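Heads up: the structure comes next, in structure tokens.
Reminder, nothing fancy here: chain letters follow the sequence lines and each chain counts from 1. Here the structure is a predicted model, which is why all the values come from computation and not from measurement.
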Number of protein chains: 2
Amino acid sequence: MTDDRIMTIREMCDAFDVTPRTLRFYEAKELLFPIREGQKRLFTKRDRARLKLILRGKRFGFSLEEIRQLLDLYHMGDQQQTQLARTYEIAQQRLSDMESQRDELNQAIDELKEQMRWGEKMLASMDQSKKAAE
Amino acid sequence: MTDDRIMTIREMCDAFDVTPRTLRFYEAKELLFPIREGQKRLFTKRDRARLKLILRGKRFGFSLEEIRQLLDLYHMGDQQQTQLARTYEIAQQRLSDMESQRDELNQAIDELKEQMRWGEKMLASMDQSKKAAE
DNA sequence: ATGGGAATTTACGTTGACGTAACTCAAACG
DNA sequence: CGTTTGAGTTACGTCAACGTAAATTCCCAT
């Protein structure tokens, strides 16, 4: 099974399109725990699963610290009711953050579009601001 | 005319909901040019107009440096054809940035929602990830 | 044995937009 | 006249997620 294959840092980098620095950084931040055979790091299936979750988390806009907490929560096993609830809560918070962020963005886009409406209004606006700025 | 009234830094802070540090910072970055009467800063109508544009720019997601460039462009007067074109260009770039950012955000939201679909799928997903992470 | 190519460690640098501390200075109040 | 404000300056601190440089160590092939 190439599934539980052990990978070097370079293989990981190529597989996930990240730099070595990033992987060491994640290890330092206790997001990954590669096996330390002598000097070298060996990344297992476990690390690949975690890295996948990390990268997904980043796409979702979680900070590394939030991701670590989520990873820890679900990793620390039992009382899964509570843990899951907490995880879910965090995810929902993030979701609502993202939605309001999107809404703000949409509003800003609308405003900017309005402002740019065939350059004319923009010119007018700038003229006005210019007068005001003198 | 209370319109060309001159304002102290505190009045400005209250009027625009910013800190003194922010106003001094903007001055240092050459975004504002309050009159320096002795030690004190006196903010004119011009500064208020500029600050309005600055804050609007920030809502639009421009960096302070971009804002400064825009302000400089339109401030430096003539050849308004070229200047306006350039301004318009920058604004359009920003707009398309914002739109793609919004799209990414929407996609992330969709993914996250899917992931959270009645917690059940989330539990399953986590179980899976958990197995994989062991 | 020697040169090369990975991988490692340590530690400082980067970016943006301010926050914050420490100290000075001047007007204003009681 | 003492002191409380309010403003000012200087300069270092913050946060995130790495980038980057320098020096070292490791194994492998020539």
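In this structure, CZ in A:Phe62 is found 7.5 Å from CD1 in A:Ile67, a value given to the nearest 0.5 Å. Between B:Leu71 atom CG and B:Leu64 atom CG the span is 10.5 Å, to the nearest 0.5 Å.
Residues forming a side chain to side chain donor-acceptor pair (under 3.5 Å) with A:Arg24 (at least two apart in sequence, or on another chain): none. Remark: B:Arg21 engages B:Thr19, B:Phe25 in a side chain to side chain contact (heavy atoms under 4.5 Å, CB included) (not counting sequence neighbours). For A:Glu66, there are no salt bridge (Lys or Arg N to Asp or Glu O under 4.0 Å) partners two or more places apart in sequence or in a different chain. Residues meeting the side chain to side chain contact (heavy atoms under 4.5 Å, CB included) test with B:Phe16, sequence neighbours left out: B:Met12, B:Val18, B:Arg48, B:Leu51, B:Lys52, B:Leu55. Here B:Glu65 pairs with B:Arg68, B:Gln69 under the side chain to side chain donor-acceptor pair (under 3.5 Å) rule; sequence neighbours left out.
One can place CZ of B:Arg68 at 12 Å from P of C:dG16, the figure rounded to the nearest angstrom. Remark: P of C:dA27 and CD of B:Glu37 are 12 Å apart, rounded to the nearest angstrom. Distance CG (B:Leu31) to C1' (C:dC18): 13 Å, rounded to an integer number of Å.
Less than 4.0 Å separates DNA chain D from no heavy atom of any residue of residues 11-18 of chain A.
Dashed line: the shortest gap from a side-chain N or O of A:Arg10 to OP1 or OP2 of C:dA7 is under 4.0 Å.
Screening residues 27-40 of chain A for side chain to side chain donor-acceptor pair (under 3.5 Å), with sequence neighbours left out, gives A:Glu27-A:Arg36, A:Glu27-A:Arg41.
Inter-residue side-chain proximity for A:Phe33 and A:Thr44 is flagged as unmet; no heavy-atom pair is nearer than 4.5 Å.
The other residues sharing a hydrophobic cluster with B:Ile6 are B:Ile35, B:Leu42, where clustering joins ILVMFWY side chains under 4.5 Å apart.
When the local axes at the two ends of the helix from C:dG3-D:dC28 to C:dG30-D:dC1 are compared, using 5 base pairs at each end, they differ in direction by 30° after rounding to 10°.
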Protein-proximity profile, nucleotides 8-26 of chain D, B/S/- by nucleotide at the 4.0 Å heavy-atom cutoff, equals SB-B-----BBBB------
